[in-house]
There are 2 protein chains.
Amino acid sequence: MAMDLSVPDSLPSQLRDGANYQNFVAGQVLFHHRDPAKYIFALEVGRIRLVRYTCEGNLVVFQIVRAGESFAESALFTELYHCNAVVDVPSRVICYPKTVVWEVLQNNSDLALSFLRRFERKNQSLKTLLELRSIHSARDRILQYLLFSASPGETTIVFDRSYKDIANELGLSPETLYRTLAELEREKIITRHGRQVELVTPQI
Amino acid sequence: MAMDLSVPDSLPSQLRDGANYQNFVAGQVLFHHRDPAKYIFALEVGRIRLVRYTCEGNLVVFQIVRAGESFAESALFTELYHCNAVVDVPSRVICYPKTVVWEVLQNNSDLALSFLRRFERKNQSLKTLLELRSIHSARDRILQYLLFSASPGETTIVFDRSYKDIANELGLSPETLYRTLAELEREKIITRHGRQVELVTPQI
DNA sequence: CGCATAGTTGACTACGCTCAACCCTGGTGG
DNA sequence: CCACCAGGGTTGAGCGTAGTCAACTATGCG
């Protein structure tokens, strides 16, 4: 029932047999923008970022892929990858030829529905990012990001990547992020210990 | 073959029979954020905007639905709508109960694949928006938007909605948009007649 | 041990937002 | 038919916020 590209055993044999595995170290690039889109991937261990560069040279992060997630499913519908996949930390990747995936999808609506669900989740996270970017004030944007990042009911967030990265995801300069976090801390709205942030929220 | 929610005749009878139709005038709201997500829609005629409000009260436009497009497919996976659907111009909408859609999807991988393709397109347009928002300079953001908006090979763009709307989509104030367009015109990079913009591009 | 990079803070700048005034258009009602 | 009004479009002036540059510390890695 639970079709999951990161667990080949849960998949139809045709897919399982078509898969092959690759290992990468930090900094390697799995595929580049405009490379022929031949594979769909799942991440067994590690972390990978899907990014593009704007005309100004700024990095845009579309997705941060973590262990157990699949990515580049959009290869199904395009000839070329539309972003770069950059390996963050040593990673082990499962590669599925998109032709095989496509074959199986034709006759397997369970797999198709699991793809749909994945697409939907990506949509949501893109919408969340877009909503964040629509908040002009750095302070409010950061607060909203903290709220989104906290698991429901929780008030502590532990980030597994640098503040610099987070600043970029938020579309802010690192300096602005540091400064604003310091300010929020001074105002006792949050407390921090390294990459752990605690919300001291009497407000929503 | 070409399953299309906006053309009921192209659909399995179960879906076609489950559909019902509604008409709306400009300004009406089809559904609100957090309403129970009971239906998936297709737009026969008109234009509808899917929007949310930020904590600052700013409008975020996630999608502009035009005639022939379907929307709110994400209702399949959520209990509540996560945005508002606001009617822009008089519109005729086809409503499919999501339970019926779900039923049909189970056994019809053609329909599932057509949904996948739709989701993929929405993903792309969200990514494009996000990329735009990552361009800090208003000038470059607007230029990039014009490039994205021009059909490939074409140099003229005719907008079917106000500059005010477009400014909002770009995350800029209307004044900044007007000013920058005027500047680009002075520099003979574009020419304008009302809502028609022509790129005078020796670049890219 | 040393280097590269993240994190931090200060000072200055610049860009885009706000407010304000004005023109122009289309639509509505008297 | 005209008067009025609402809203979009346009431009100016001033301000505020976030970016940039710079110096320095802390941290991790070879």
Engineer: Can you measure B:Ile135 atom CD1 to D:dG19 atom C1' for me and round it to whole angstrom units?
Structural biologist: 17 Å

Engineer: Both distances under 3.5 Å, Watson-Crick or G-U wobble: on that basis, could you give the dot-bracket string for DNA chain C, with [ ] for crossing pairs and | for other-strand partners?
Structural biologist: ||||||||||||||||||||||||||||||

Engineer: Rounded to the nearest angstrom, tell me the gap between atom CG in A:Asn58 and atom P in D:dG19.
Structural biologist: 10 Å

Engineer: Within this structure, what is the CD1-to-C1' distance between B:Ile166 and D:dG8, rounded to whole angstrom?
Structural biologist: 12 Å

Engineer: Hey, which of these two, B:Glu175 or A:Glu175, hits DNA chain D nearer its 5' end, going by closest nucleotide?
Structural biologist: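 Result of the comparison: B:Glu175.
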
Engineer: Assess whether side chain to side chain contact (heavy atoms under 4.5 Å, CB included) is satisfied between B:Glu56 and A:Ser134, documenting all intermediate values.
Structural biologist: CA-CA 9 Å; B:Glu56 285 174 321; A:Ser134 298; over 6 Å; no

Engineer: Between atom CG in A:Asn168 and atom P in D:dG19, what is the gap in whole Å?
Structural biologist: 11 Å

Engineer: If I take atom OH in residue A:Tyr178 and atom P in nucleotide D:dT17, what distance separates them, rounded to the nearest angstrom?
Structural biologist: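 So the OH-P distance, A:Tyr178 to D:dT17, works out to 22 Å.
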
Engineer: Please lay out, stage by stage, how A:Val200 and A:Lys188 fare under the test side chain to side chain contact (heavy atoms under 4.5 Å, CB included).
Structural biologist: CA-CA 7 Å; A:Val200 190; A:Lys188 310 217 183 301; 5.9 Å; no

Engineer: Can you measure A:Arg161 atom CZ to D:dG28 atom C1' for me and round it to whole angstrom units?
Structural biologist: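 The distance from CZ of A:Arg161 to C1' of D:dG28 comes to 19 Å, rounded to the nearest Å.
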
Engineer: Are B:Leu5 and B:Ile94 close enough, and set up right, to give a side chain to side chain contact (heavy atoms under 4.5 Å, CB included), and what steps lead you there?
Structural biologist: CA-CA 8 Å; B:Leu5 289 185; B:Ile94 317 175; over 6 Å; no

Engineer: State whether A:Tyr163 places a side-chain N or O below 4.0 Å from either non-bridging phosphate oxygen (OP1 or OP2) of C:dG7.
Structural biologist: no

Engineer: Starting at atom NE2 of B:His136, determine the distance to atom C1' of D:dT17, rounded to an integer number of angstrom.
Structural biologist: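 Spelled out: NE2 on B:His136 to C1' on D:dT17 is 13 Å.
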
Engineer: A:Tyr39 and A:Phe31: ring pair (Phe, Tyr, Trp, His ring centres under 6.0 Å), yes or no, with the steps?
Structural biologist: CA-CA 10 Å; A:Tyr39 294 95; A:Phe31 56 79; 9.9 Å; no

Engineer: Does the side chain to side chain contact (heavy atoms under 4.5 Å, CB included) test come out yes or no for B:Glu73 and B:Lys98, once each step is laid out?
Structural biologist: CA-CA 8 Å; B:Glu73 293 99 337; B:Lys98 81 166 174 184; over 6 Å; no

Engineer: Quick check: are there more than 12 heavy atoms from other residues, nucleotides or ligands sitting under 6.0 Å from CZ of B:Arg66?
Structural biologist: yes

Engineer: Are A:Thr176 and D:dG19 close enough that a side-chain N or O sits under 4.0 Å from OP1 or OP2?
Structural biologist: yes

Engineer: With heavy atoms under 4.0 Å as the rule, sort B:Arg141 into base, sugar-phosphate or nothing.
Structural biologist: nothing

Engineer: Ignoring the backbone of B:Ala182, work out which of D:dT11, D:dG19, C:dA6 is nearest its side chain.
Structural biologist: D:dT11

Engineer: Quick check: on DNA chain C, is the nucleotide nearest A:Arg186 upstream (toward 5') of the one nearest B:Thr180, or the reverse? Name the residue that is more 5'.
Structural biologist: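 Its nearest nucleotide being more 5', the pick is A:Arg186.
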
Engineer: Of all the choices, D:dA18, C:dG7, D:dT10, which nucleotide is nearest to the side chain of B:Arg192 once you look at every atom?
Structural biologist: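 Comparing D:dA18, C:dG7, D:dT10 against the side chain of B:Arg192, the answer is D:dT10.
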
Engineer: Taking atom types as they are modelled, would you say the side chain of A:Arg179 forms a donor-acceptor pair with the base of D:dT20 within the 3.5 Å cutoff?
Structural biologist: yes

Engineer: Return the nearest nucleotide to the side chain of A:Ser173; candidates are C:dG10, D:dG19, D:dG9.
Structural biologist: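 Nearest to the side-chain atoms of A:Ser173, counting from C-beta on, is D:dG19.
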
Engineer: In terms of side-chain geometry, is the basic nitrogen of A:Asp160 or A:Arg47 positioned less than 4.0 Å from the acidic oxygen of its partner?
Structural biologist: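 A salt bridge is present here (some side-chain N lies under 4.0 Å from a carboxylate O).
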
Engineer: Cation over ring, B:Arg118 on B:Phe115, under 6.0 Å and within 45°?
Structural biologist: yes

Engineer: What is the nucleic acid contact for B:Arg195, judged by heavy atoms within less than 4.0 Å: base, sugar-phosphate only, or nothing?
Structural biologist: sugar-phosphate

Engineer: Provide, to the nearest angstrom, the distance between the CG atom belonging to A:Leu177 and the P atom belonging to C:dT8.
Structural biologist: 9 Å

Engineer: Name the nucleic acid region contacted by B:Gly194, choosing base, sugar-phosphate or nothing; use a 4.0 angstrom heavy-atom cut-off, strictly under.
Structural biologist: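 It contacts nothing in the nucleic acid.
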
